[in-house]
Amino acid sequence: MNLNPQQARSLVAICLHAAFADGHQGAEEREQVRKVAESLGREAEIDFIALYQDVLLGRLELAAAVAGLDDPNLRQLAFELAVGVCEADGGLDEREKDFLQRLSGLLELSRPAADSFVREAEALGQAPADGPLAGLPGLDEVEPAAASSTAAAAPDRAELDRTILNASILNGALELLPQSMASMAIIPLQLRLVYRIGQAHGYELDRGHIKDFLAAAGVGMTGQYVEQFGRRLIGGLLGKVLGGAGRAVGSQATGSAFSFATTWAIGKVAVQYYGGGRKLDTDALRQAFAGLFEQAKAMQERYAPEIAQRARTLDLKRLTDELRR
């Protein structure tokens, strides 16, 4: 089946409700989600920015958004997407849990199945940043340098570059898989990539620091997931999923290019930041990330065949099991 405009609006509205479910987003996070809606609206020729305002100001209730989804597959998809948005920042608070319970009821989903999916997503969203990842060649081979390292003891930049490229290809491939859990794995993988880069430069990082670093660079977790979903929608992948086409690797979805570019830019700006002794301020970080993101978008087409091949051979269950350890 193909999504009609009303169904697309309903899915995006539910994602926006999920983004605001915890009730304590800062002005910066709201502004980032607004920019995502504005950007996606231009590309999809749908007025997502008006939709954003309707949700934020309470003019479009959750029940009204759910009413626009009359297909059981769409309702299940809407719930999974909402879980991903709520989980993007690494954990559900009580407001988000209450929101998801209410949403599953409005969608008339099986409560045990919905609760099971939430538990799986929570385990993935809270995956440790410092865990091993055999599914990403090169990531665990990067040796940490001492905090007082000399130039001779500095990490191998070529090896770090290979690590960043591997991570970018993997995340691009994940966006070509139809399962919602594939998209949910992207942010934990990005956190793990930054951890390894910091470790290679002699810094032991925790999840809180990594999230602060990404926020300083302008990479908000909630906004990123909303954008990933929106670009999958624009790229037509959701239609393929609902049509039962399985792994959509015949052409590069827009969401795949976005995730490849975001991951590559995160990795490269992390090398600049930790390799330079953490001296870049917020403005410098954001400027560096923006430039690297544009550079990565231009690179993505070159690696499209490798991304598609990785998607064909990727064992999602094994990868998510490794992330949860």
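In this text the structure is predicted, and so the values were computed from the model without any measurement.
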request  = Measure the shortest side-chain to side-chain distance between Y52 and F20 over non-hydrogen atoms and say whether it is less than 4.5 angstrom.
outcome  = yes
Electrostatic pair D321:R318 at N-O distance under 4.0 angstrom = no
ask   = Out of curiosity, Q272 CD to I197 CD1, how far, rounded to the nearest 0.5 Å?
value = 11.0 Å
request  = Without swapping roles, check the side chain of R192 against the backbone of P128 for a donor-acceptor pair under 3.5 Å.
outcome  = yes
ask   = Going by heavy atoms in the side chains, are L174 and L316 under 4.5 Å from each other?
value = yes
inquiry  = Could you report the tightest heavy-atom contact between S180 and F117, atom names first, then the distance?
reply    = CB-CZ, 4.3 Å
query = Just wondering, do I307 and Q300 contact through their side chains at under 4.5 Å, heavy atoms?
reply = yes
Determine all donor-acceptor pairs shorter than 3.5 Å in which one atom belongs to a side chain in residues 54-68; sequence neighbours excluded.
residue: D54; atom: OD1; partner: R59; partner atom: NE; Å: 2.8
residue: D54; atom: OD1; partner: R59; partner atom: NH2; Å: 3.0

request  = Check whether any side-chain heavy atom of Q224 lies under 4.5 Å from a side-chain heavy atom of E227, and answer yes or no.
outcome  = no
message = Checking F79 now: which residues fulfil ring-ring contact (aromatic ring centres under 6.0 Å, His included) with it, not counting sequence neighbours?
response = none
message = Is any side-chain heavy atom of K317 closer than 4.5 Å to one of D315?
response = yes
query = Hey, is the main chain of Q179 close enough, under 3.5 Å, to the side chain of S183 for a donor-acceptor pair?
reply = no
inquiry  = For L292 and F289: C-alpha separation, side-chain torsions, deciding distance, then whether side-chain contact (heavy atoms from CB on, under 4.5 Å) applies.
reply    = CA-CA 5 Å; L292 289 163; F289 177 81; 5.7 Å; no
ask   = Crowded around Q6 CD? As in, over 12 foreign heavy atoms under 6.0 Å?
value = yes
ask   = In Å, rounded to the nearest 0.5 Å, how long is the span from CG of L285 to NZ of K279?
value = 14.0 Å
key: 4.5 Å side-chain heavy-atom contact, L124 and E87   = no
Shortest non-hydrogen separation from R286 to G218 and the atoms involved = NE-N, 3.7 Å
task = Identify the heavy atoms of A78 and L11 that sit nearest to each other, and give their distance.
result = CB-CD2, 3.7 Å
message = Are the side chains of I186 and L170 in contact, using a 4.5 Å heavy-atom criterion?
response = no
request  = Show your reasoning for whether side-chain hydrogen bond (donor to acceptor under 3.5 Å, both in side chains) applies to Q199 and R196.
outcome  = CA-CA 5 Å; Q199 185 184 48; R196 293 297 179 186; 3.2 Å; yes
query = Which value, rounded to the nearest 0.5 Å, describes the distance between K297 atom NZ and F260 atom CZ?
reply = 13.0 Å
ask   = Just by distance, do the side chain of Q53 and the backbone of A50 share a donor-acceptor pair under 3.5 Å?
value = no
message = With heavy-atom distances below 4.5 Å as the criterion, would you say the side chains of Q126 and R324 are in contact?
response = no
remark   = Taken to the nearest 0.5 Å, the spacing of D22 CG from T222 OG1 works out to 7.0 Å
key: R75/D70 ion pair, N-O < 4.0 Å   = no
note = So OG1 of T262 and CD1 of I187: to nearest 0.5 Å the spacing works out to 10.0 Å
message = Run the side-chain contact (heavy atoms from CB on, under 4.5 Å) test on D47 and I49 for me, step by step, so that the C-alpha distance in whole Å, both residues' side-chain angles and the decisive distance to 0.1 Å come before the verdict.
response = CA-CA 5 Å; D47 193 356; I49 191 63; 3.0 Å; yes
key: side-chain contact (heavy atoms from CB on, under 4.5 Å) evaluation trace for E120 with M184   = CA-CA 10 Å; E120 289 183 24; M184 293 183 203; over 6 Å; no
message = Which heavy atom of A21 sits nearest to which heavy atom of E96, and what is that distance?
response = CB-CG, 4.2 Å
query = What are the two closest non-hydrogen atoms of G267 and L193, and how far apart are they?
reply = CA-CD2, 4.0 Å
inquiry  = Looking at every heavy atom in both F293 and A261, which two are closest together, and how far apart are they?
reply    = CE1-CB, 3.6 Å
inquiry  = Could you check whether any side-chain N or O of S104 sits under 3.5 Å from a backbone N or O of Q101, counting only pairs where one atom can act as donor and the other as acceptor?
reply    = yes
request  = Kindly determine whether L77 and N73 satisfy side-chain contact (heavy atoms from CB on, under 4.5 Å), including the steps that lead there.
outcome  = CA-CA 6 Å; L77 177 64; N73 291 328; over 6 Å; no
inquiry  = Quick test of your reading of the model: are E122 and R119 salt-bridged, counting only N-O distances below 4.0 Å?
reply    = no
task = Enter the distance from Q76:CD to L109:CG here, rounded to the nearest 0.5 Å.
result = 5.5 Å
query = Does T263 reach the main-chain N or O of S168 with its side chain, forming a donor-acceptor pair under 3.5 Å?
reply = no
Could you tabulate the donor-acceptor pairs under 3.5 Å formed by side-chain atoms of residues 205-215, not counting sequence neighbours?
residue: D206; atom: OD1; partner: G208; partner atom: N; Å: 3.2
residue: D206; atom: OD1; partner: H209; partner atom: N; Å: 2.7
residue: R207; atom: NH1; partner: A127; partner atom: O; Å: 2.7
residue: R207; atom: NH2; partner: G125; partner atom: O; Å: 3.0
residue: H209; atom: NE2; partner: Y274; partner atom: OH; Å: 2.9
residue: K211; atom: NZ; partner: D89; partner atom: O; Å: 2.4

